[in-house]
Amino acid sequence: MTGLLVFLVIFVFGFTFLMIAAQWKIFTKAGKPGWACLVPIYSVLVMLEIIKKPGIWLLWLMIPGVNIIFAIWATNLLSKAFGKSEGFTIGLLFAGYIFYPILAFDKSIKYVYANDGSGINEIGSVDPAV
């Protein structure tokens, strides 16, 4: 029984470390400080900057019921911010423990929203002229 408990504790710590590392890497890919993922409310504000949404979304994410809709929407926008489709969003929602590390550690996945807006004409679509 003790061996099983030790295994579960090590597994949970390892899984937690993997998810923190994935979020840290996602933040740094987007040009934000990685340590921001460790600060509870600030991490949500940084994520809103990454997906190019205003800070009022923090309020919407705190309202029960409404927060589910906005969290799914924000996850879709995060997927699009890295050039992925709605199918990847489904993966982030239902198998996040697999898809968040893919988003973070796959070197071929780049942040497509330029900081100055160049190359992006609206959310999720790249301007072909650039």
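What's counted below: heavy atoms across the whole structure, side chains too, no hydrogens, waters or symmetry copies. Everything quoted here is computed from the prediction, not taken from an experiment. Note that the numbering runs from 1 along the sequence shown for the chain.
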> Hey, is the main chain of G65 close enough, under 3.5 Å, to the side chain of N67 for a donor-acceptor pair?
yes

> CG of D106 to NZ of K25: how many Å apart, nearest 0.5 Å?
11.0 Å

> Is it true that I50 and V44 fall in one hydrophobic cluster, defined by side-chain heavy atoms closer than 4.5 Å?
yes

> Quick one: closest heavy-atom pair of L92 and S79, and the distance?
CD1-CB, 4.1 Å

> Using ring centroids (six-membered ring only for Trp), state whether W35 and Y42 fall under 6.0 Å.
yes

> Does I68 belong to the same Ile/Leu/Val/Met/Phe/Trp/Tyr cluster as V66, with side-chain heavy atoms less than 4.5 Å apart forming each link?
no

> Do the non-hydrogen side-chain atoms of F99 and L93 ever get within less than 4.5 Å of each other?
no

> Taking the six-membered ring for Trp and the full ring for Phe, Tyr or His, determine whether the centres of F70 and W73 are under 6.0 Å apart.
yes

> What I'd like to find out is whether the side chain of K53 reaches to under 4.5 Å of the side chain of L77, using heavy atoms alone.
yes

> Same cluster or not: are F105 and F88 linked, directly or through other Ile, Leu, Val, Met, Phe, Trp or Tyr residues, by side-chain heavy atoms under 4.5 angstrom apart?
no

> Considering all heavy atoms of both residues, which atom of A104 and which atom of A22 are nearest to each other, and what is their separation?
CB-O, 3.2 Å

> According to a hydrophobic-cluster definition based on side-chain heavy atoms being under 4.5 Å apart (Ile, Leu, Val, Met, Phe, Trp, Tyr only), do W60 and L45 belong together?
yes

> I want to check something: taking the side chain as every heavy atom from C-beta on, are I109 and I102 in contact at a cut-off of under 4.5 Å?
yes

> Can you confirm whether F82 sits close enough to K110 that some side-chain heavy atom of one is under 4.5 Å from a side-chain heavy atom of the other?
no

> How long is the straight-line distance from NZ of K32 back to SG of C37, given to the nearest 0.5 Å?
14.5 Å

> Quick one: OG1 on T75 to NZ on K80, what's the gap to the nearest 0.5 Å?
12.5 Å

> Could you tell me whether the side chain of Y100 reaches within less than 4.5 Å of the side chain of Q23, counting heavy atoms only?
no

> Any idea which heavy atoms bring Y111 and E49 closest together, and the distance?
OH-O, 4.3 Å

> When clusters are formed by joining ILVMFWY residues with side-chain heavy atoms under 4.5 Å apart, either directly or through shared neighbours, do Y97 and I26 land in the same one?
yes

> Do the non-hydrogen side-chain atoms of V46 and F27 ever get within less than 4.5 Å of each other?
yes

> Say you draw a straight line from CZ of F13 to CD1 of I10; how long is it, rounded to the nearest 0.5 Å?
9.5 Å

> Report, as yes or no, whether the 6.0 Å neighbourhood of atom CD1 on I41 holds more than 12 heavy atoms from other residues, nucleotides or ligands.
no

> Any side-chain heavy atom of L48 within less than 4.5 Å of one from P54?
no

> Can you tell me how far OG of S85 sits from CG of N76, rounded to the nearest 0.5 angstrom?
9.0 Å

> OG of S43 to CG of L38: how many Å apart, nearest 0.5 Å?
8.5 Å

> Just by distance, do the side chain of K29 and the backbone of L103 share a donor-acceptor pair under 3.5 Å?
yes

